Amino acid sequence: MPNEKFTDVRSLLKAFAAAMNLINPEVEGHHQQTAYLAYMIVREMGISEQGVETAVYAALLHDIGSVVSETQQSVMEIEADARNISLIGAEILSDIPGLKTVSEVIRRCQLSWSEISVMLRSDGREFEECAQIASAIHLADVVSAVLEPDIPVLQQRVRITEGVMLSRGKEFSERAADAFERLSKLEFIWLDLRYNPEFLLLFTGEIRYISLDNMVELTKLMSRVIDYRSSFTAMHSAGVAASAVKLAELAGMSGDECKMMRIAGNLHDIGKLKVPREILEKPGKLTDDEFSIIKEHAYFTRLILMDVTGFEKIRDWAGYHHEKLNGNGYPFKFGADMLDTGSRILAIADIFSAITEVRPYRGGMPKEKAISVLEDNVNSGGLCPELTRLLIDNYEVIDAARARESEEAGKRYFDSLRQCRE
């Protein structure tokens, strides 16, 4: 397994875009539009290749702070709360290796150029490229938000371009506004923006690879986006990943396979971005309709990860975490012959973490009760007997790893919210 070329930026960004679309159907396509236009603007501005990559990540993820909203928001509602959302998003990303600059761009991408210019005078010129990228994303975000869906897009370019140029040097930087004005003369830019913002096909001339180690760090980002949907799930992905990795180590999986298991644990619930928050936070029994919606999430997890290069095993391990050996799981109804060791481990880790972690409406199960639940699942034909016994025999070691990483994730979640709301 080539650790250094485990996956590539292009396929990963495609998965990120699909995940962002799940969060809120009301804003589907907005992030692709913003990322596409920001990409074109920063290239026209002559920003460095590293800066272009930063711009694409930051534009694609600029609204991730909206995951903490109690209700789904329209584009206009997000724009009305854009500054707070950008602060929350920046906080989510702030300590992930390799994404510090992306975090700093997102923190500033809802500020006017007048405000950023004041910061430039105190922060120094080394901040110039970051500031210009933030302004380009702000411009692209505004253009995407004001596009009228019922008016031919080419009929809107004069109105929008004139509005941008009126704000040149005030809301948007001179460089970003001038670059946009030059691009606005090209019909294909507007047509791409409306109908086909496939910036992923344009992004970098050559395939940029991501190592397995860096991929582990990047998926911490998506696990936070998943878990930050609700205080009810703020610790879950971290706990599942920690439990699964420790069980995989005990089961004799290789070092690279354990890293892949951590990725799968981080991403196993990415399909829950589609589930409304009121269902995620319902403490009582779900209705049949609500449970049907919940059951979709494993399908969407696998769908999002389907085309990511190098994710063949991760896709299955994450997507099959609700399958059972007896074929009574969901959504694929696969039995033992279709579920490999990794899939079986993640299914055990998911149940173990869910019953032992603390939730706002209940404490975690004590050891004896948790073991009883796991054994009941084995006796009913759901979980692998050998791997479940391995967890039970090493309960304290696995539970300590789960508790440690769950508590760190929960502290980070509540600290982030408190800082952004102060």
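Scope of the values below: all heavy atoms of this structure, side chains included, with no hydrogens, waters or symmetry mates. Every value quoted in this text rests on a predicted model; they were computed, and no experiment measured them.
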Full working for side chain to side chain contact (heavy atoms under 4.5 Å, CB included) between Lys295 and His322: CA-CA 9 Å; Lys295 288 172 72 173; His322 281 293; over 6 Å; no
Check: [Y] main-chain N/O paired with [X] side-chain donor or acceptor under 3.5 Å:
X	Y	answer
Thr219	Val216	yes
Arg175	Met45	yes
Gln156	Leu147	no
Thr34	His31	no
Ser11	Thr309	yes
Arg344	Ala336	yes
Glu323	Lys333	yes
Asp350	Leu346	no
Ser292	Asp288	yes
Asp141	Ile137	no

Between [X] and [Y] (salt bridge meaning N to carboxylate O under 4.0 Å), is one present in this structure?
X	Y	result
Glu104	Arg108	yes
Arg262	Glu405	yes
Arg83	Glu115	yes
Asp399	Arg402	yes
Arg389	Glu386	no

Nearest heavy-atom pair of [X] and [Y]: which atoms, and what distance?
X	Y	value
Gly310	Phe6	O-CZ, 3.2 Å
Ser406	Gly239	OG-CA, 3.2 Å
Thr301	Ile270	OG1-N, 3.5 Å
Ala38	Ala140	N-CB, 3.6 Å
Val308	Ile304	CG2-O, 4.1 Å
Ala318	Leu305	CB-CD1, 4.0 Å

Kindly indicate whether the side chain of [X], heavy atoms from C-beta on, has any atom under 4.5 Å from the side chain of [Y].
X	Y	value
Leu212	Ile263	yes
Asn196	Tyr36	no
Val142	Glu171	no
Glu290	Ile293	no
Gln132	Trp113	yes
Asp316	Phe332	no
Arg107	Leu87	yes
Ile392	Glu375	yes

Measure the spacing between [atom1] of [X] and [atom2] of [Y] and express it to the nearest 0.5 Å.
X	Y	atom1	atom2	answer
Ile371	Met365	CD1	CE	12.0 Å
Leu22	Leu273	CG	CG	6.0 Å
Tyr395	Lys367	OH	NZ	7.5 Å
Tyr39	Glu44	OH	CD	12.0 Å
Ile41	Leu37	CD1	CG	4.0 Å
Lys285	Phe291	NZ	CZ	8.5 Å

Listed once per pair and sorted, the ring-ring contact (aromatic ring centres under 6.0 Å, His included) pairs that draw on residues 129-154, sequence neighbours left out: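 Every pair satisfying ring-ring contact (aromatic ring centres under 6.0 Å, His included) with a residue in residues 129-154: His138-Phe172.
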Salt bridge (charged side-chain N to carboxylate O under 4.0 Å, His left out) partners of Glu312, counting only residues at least two apart: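 For Glu312, no residue satisfies salt bridge (charged side-chain N to carboxylate O under 4.0 Å, His left out) once neighbours in sequence are set aside.
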Side chains of [X] and [Y]: do they bring a donor and an acceptor to under 3.5 Å?
X	Y	answer
Ser353	Ser243	yes
Asp340	Ser343	yes
Ser86	Gln110	no

Residue from His268, Lys274, Lys272, His321 passing side chain to side chain donor-acceptor pair (under 3.5 Å) with His297: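 Of the listed residues His268, Lys274, Lys272, His321, the side chain to side chain donor-acceptor pair (under 3.5 Å) partner of His297 is His321.
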Audit row: Phe352, Leu247, side chain to side chain contact (heavy atoms under 4.5 Å, CB included) steps and yes/no: CA-CA 11 Å; Phe352 174 69; Leu247 187 54; over 6 Å; no
Residue pair Leu193, Val153: steps toward the side chain to side chain contact (heavy atoms under 4.5 Å, CB included) verdict: CA-CA 9 Å; Leu193 190 63; Val153 68; 5.7 Å; no
Residues Glu129, Ser48; criterion side-chain hydrogen bond (donor to acceptor under 3.5 Å, both in side chains); working and verdict: CA-CA 9 Å; Glu129 183 168 275; Ser48 69; 3.0 Å; yes
Qualifying residues under ring pair (Phe, Tyr, Trp, His ring centres under 6.0 Å), relative to Tyr299, sequence neighbours excluded: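 None.
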Residues Tyr57, Val105; criterion side chain to side chain contact (heavy atoms under 4.5 Å, CB included); working and verdict: CA-CA 10 Å; Tyr57 276 114; Val105 169; over 6 Å; no
Near-ring test His62/His30, centroid separation under 6.0 angstrom: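 Yes, they do, as the ring centres are separated by less than 6.0 Å.
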